[in-house]
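So you know, we letter chains A, B, ... as the sequences are listed, proteins then strands, and number each from 1.
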Protein chains: 2
Amino acid sequence: MRSISKSTLQRLPIYLSFLKQHCDSEFVSATVISKALSLNDVQVRKDLAAISSSGRPKVGYCRCTLILELENFLGYNDNENAVIIGVGNLGTALLNYEGFEQYGLQVIAGFDIDESKIDEKRKIFHISKLKDLCKRLNIHIGIITVNVEQAQLCCDELVDAGITAIWNFAPTHLNVPSYVHVQRENMAASLAILSRHIKDNKNN
Amino acid sequence: MRSISKSTLQRLPIYLSFLKQHCDSEFVSATVISKALSLNDVQVRKDLAAISSSGRPKVGYCRCTLILELENFLGYNDNENAVIIGVGNLGTALLNYEGFEQYGLQVIAGFDIDESKIDEKRKIFHISKLKDLCKRLNIHIGIITVNVEQAQLCCDELVDAGITAIWNFAPTHLNVPSYVHVQRENMAASLAILSRHIKDNKNN
DNA sequence: TAGATTGTTAATCGATTAACAATC
DNA sequence: TAGATTGTTAATCGATTAACAATC
């Protein structure tokens with residue numbers, strides 16, 4: 001099992017969701033997956049080879065085995081806890097979203113500066129309790145859903161609390177120590193691609 | 001102005017947000033931007049060259065001019081209307097999110113099958129009204145925030161309503177005609193990258 | 001003039017795709 | 001055996017980075 005490229009890593013969850021959703025035969029081949037997802041078949045085969053060696057010539061992959069291998073590799077079976085900073089619209093949506101559990105992510109608490117939002121029954125705490133809770137529960141993932149102005153400050157708090165992976169929904173760059181990974185959820189980039197497509201359509 | 005690569009396109013909003021937020025001198029160079037955002041300076045220079053020719057040797061770019069050029073290129077000044085299908089947690093958050101206006105995106109209506117969610121004052125309509133509204137207002141962008149099971153069905157409705165660009169938040173692949181572009185907001189992929197980072201940290 | 005910067009051309013790197021041998 | 005499939009090696013493509021000439 002060699003080291004995985006970022007682009008491969010991003011496609012693995014797509015294969016997994018396809019296998020779970022649209023595919024009910026016992027065996028499945030890279031060709032079938034590639035056609036269903038409009039991808040190149042060699043690409044799919046290489047991606048799968050990186051995380052599995054259960055593929056058999058002429059037969060393909062056992063669907064159930066492949067699902068397990070993907071889930072294990074992606075860590076969907078070992079739970080990671082996460083905290084969220086900023087319990088506004090988006091933060092609340094993510095805090096209430098049950099779908100992350102499926103990916104092995106438990107968002108166990110939300111934090112905010114705004115006293116009026118705090119509601120310990122619903123697991124929303126004042127930000128002053130962040131560090132203690134993260135250290136105590138050994139939490140590594142922090143989700144930032146505050147506005148641009150507060151993002152760097154919250155980021156610093158997370159780093160100070162021992163977080164090493166940050167999922168940043170604020171549209172801004174964050175400065176972090178080199179051992180911390182920031183994953184920017186760049187909605188503006190998605191929009192840029194979408195609106196470019198519309199413009200291209202108009203010009204043709 | 002040559003054709004823009006997808007990776008360049010995705011970085012442009014990042015430059016723009018930096019220029020607006022963290023930078024208050026009259027002129028700014030690609031080197032300064034690259035350092036602030038931890039990118040390669042030639043990459044920034046090439047990206048900017050693709051959308052602007054206002055850079056001057058020894059001087060750099062006039063910050064205001066560059067901001068305008070980026071905004072124009074990204075279409076932040078010409079508004080696009082969009083509709084949302086699925087007014088659950090995430091759909092509501094996006095419907096209420098004021099931040100998209102900054103990107104020239106107006107989410108003007110939400111649609112749902114669930115009669116109890118419909119509230120025309122808050123611009124939430126029954127899905128049966130989708131096609132008429134999209135045609136009448138000449139809408140090109142649809143946002144899908146329903147669950148996996150309903151996603152393809154909603155997608156078909158959008159295509160039928162004349163939508164050519166779909167922003168898909170449901171974790172599933174959508175089949176569309178070739179002239180329709182689907183931008184998948186792949187949260188599972190972001191999570192995969194984050195949790196890989198944590199695993200790598202543990203193993204070192 | 002010297003130094004900082006742009007922007008282009010060439011080199012490198014990595015990811016995708018093509019060709020093909022191995023296998024059931 | 002023939003055909004479908006895996007998985008590997010080689011070729012291609014595109015994006016990033018390096019080198020450098022042009023410019024204010």
Side-chain angles (χ1 to χ4, degrees), chain A residues 1-15 18-19 23 25-67 69-70 73 186 189 192-193 196 200, chain B residues 1-15 18-19 23 25-67 69-70 73 186 189 192-193 196 200:
Chain A
M1 202 183 287
R2 78 198 74 152
S3 149
I4 301 270
S5 79
K6 194 180 159 186
S7 45
T8 293
L9 189 51
Q10 294 189 86
R11 281 187 297 267
L12 295 179
I14 298 179
Y15 303 148
F18 168 74
L19 290 170
C23 175
S25 52
E26 190 180 354
F27 291 93
V28 58
S29 73
T31 317
V32 167
I33 299 177
S34 70
K35 277 190 186 134
L37 299 175
S38 318
L39 295 170
N40 180 285
D41 64 320
V42 181
Q43 185 169 67
V44 174
R45 211 166 284 123
K46 269 200 166 166
D47 287 345
L48 294 181
I51 59 115
S52 169
S53 48
S54 67
R56 282 190 288 155
K58 170 138 181 162
V59 179
Y61 289 83
C62 165
R63 182 175 157 261
C64 295
T65 309
L66 190 54
I67 286 178
E69 288 172 320
L70 279 165
F73 182 85
N186 197 344
I193 294 169
R196 181 107 309 252
D200 290 349
Chain B
M1 203 182 288
R2 80 199 72 155
S3 147
I4 301 271
S5 79
K6 193 179 160 187
S7 46
T8 293
L9 189 52
Q10 293 190 85
R11 283 188 296 267
L12 295 179
I14 299 179
Y15 303 149
F18 169 75
L19 290 171
C23 174
S25 53
E26 189 180 354
F27 290 95
V28 59
S29 74
T31 316
V32 167
I33 298 177
S34 70
K35 278 190 185 137
L37 300 175
S38 318
L39 295 170
N40 179 285
D41 62 321
V42 181
Q43 187 170 65
V44 175
R45 213 166 282 123
K46 268 198 166 167
D47 287 344
L48 295 181
I51 58 116
S52 168
S53 49
S54 68
R56 282 189 288 154
K58 168 135 182 162
V59 179
Y61 289 83
C62 166
R63 182 177 157 261
C64 296
T65 308
L66 189 54
I67 287 178
E69 287 172 319
L70 281 165
F73 182 84
N186 196 343
I193 294 169
R196 184 110 304 254
D200 291 349

If we only count heavy atoms from C-beta on, is the A:Leu39 to A:Arg11 side-chain gap below 4.5 Å?
yes
Whole angstrom is fine here: how far is it from CZ in A:Arg56 over to C1' in C:dA22?
16 Å
Within residues 26-34 of chain A, those residues having any heavy atom closer than 4.0 Å to DNA chain C are none
On a heavy-atom basis, the closest approach of A:Asp41 and A:Thr31 is CB-CA, 4.2 Å
Mind running side chain to side chain contact (heavy atoms under 4.5 Å, CB included) on A:Arg196 and B:Leu9 for me, showing each step along the way?
CA-CA 9 Å; A:Arg196 181 107 309 252; B:Leu9 189 52; 3.8 Å; yes
Whole angstrom is fine here: how far is it from CD in B:Gln43 over to P in C:dG7?
16 Å
OP1, OP2 of C:dT16 versus side-chain N and O of A:Ser7: anything below 4.0 Å?
yes
Whole angstrom value for the distance that separates P of D:dT16 from NZ of B:Lys6
12 Å
Angle between the two end axes of the helix from C:dG3-D:dC24 to C:dC24-D:dG3, five base pairs per end, rounded to 10 degrees?
0°
Between P of C:dT16 and CG of A:Asp41, the distance in whole Å
14 Å
Starting at CD1 of B:Ile4 and ending at P of D:dG14, how long is that distance when rounded to a whole Å?
16 Å
Would you state whether a donor and an acceptor, one from the side chain of A:Lys46 and one from the base of C:dT17, lie under 3.5 Å apart?
yes
After noting the C-alpha distance and the side-chain angles of B:Asn40 and B:Ser34, does the key distance pass the side chain to side chain contact (heavy atoms under 4.5 Å, CB included) rule?
CA-CA 6 Å; B:Asn40 179 285; B:Ser34 70; over 6 Å; no
Nearest to the B:Arg45 side chain among C:dG7, D:dA15, C:dT17, which nucleotide is it?
C:dG7
For atom CG of B:Leu66 and atom P of C:dT6, their distance in whole Å:
10 Å
Check: B:Ser29 and B:Tyr61 side chains under 4.5 Å, non-hydrogen atoms:
no
Is it true that, when you exclude A:Arg56 itself, more than 12 heavy atoms of the residues, nucleotides or ligands shown sit nearer than 6.0 Å to its CZ?
no
Among D:dT17, D:dG7, D:dT16, the one nearest B:Arg11 by side-chain distance
D:dT16
Could you check if a side-chain atom of B:Tyr15 sits within less than 4.5 angstrom of a side-chain atom of B:Val28, using non-hydrogen atoms only?
no
To the nearest angstrom, the CG-C1' distance between A:Asp47 and C:dA15 comes to 10 Å
From CD (B:Gln43) to CD1 (B:Ile33), nearest 0.5 Å
12.5 Å
Residue-level proximity of residues 57-64 of chain B to DNA chain C when a heavy atom falls under 4.0 Å:
B:Pro57, B:Lys58, B:Gly60, B:Tyr61
Decide side-chain hydrogen bond (donor to acceptor under 3.5 Å, both in side chains) for B:Ser54 and B:Glu69; before the verdict, give the C-alpha distance in whole Å, the side-chain angles of both, and the deciding distance to 0.1 Å.
CA-CA 9 Å; B:Ser54 68; B:Glu69 287 172 319; 3.0 Å; yes
Check whether any side-chain heavy atom of B:Ile51 lies under 4.5 Å from a side-chain heavy atom of B:Thr8, and answer yes or no.
no
note: B:Leu48, atom CG; C:dT8, atom P; distance rounded to Å ~ 13 Å
Verify, without hydrogens or angle tests, whether B:Arg63 (side chain) and B:Leu19 (backbone) share a donor-acceptor contact under 3.5 angstrom.
yes
Taking only side-chain N and O atoms of B:Asn40, does any of them lie within less than 4.0 angstrom of OP1 or OP2 on D:dA18?
yes
Side chain to side chain contact (heavy atoms under 4.5 Å, CB included) between A:Asn186 and B:Gln10, worked out
CA-CA 8 Å; A:Asn186 197 344; B:Gln10 293 190 85; 5.6 Å; no
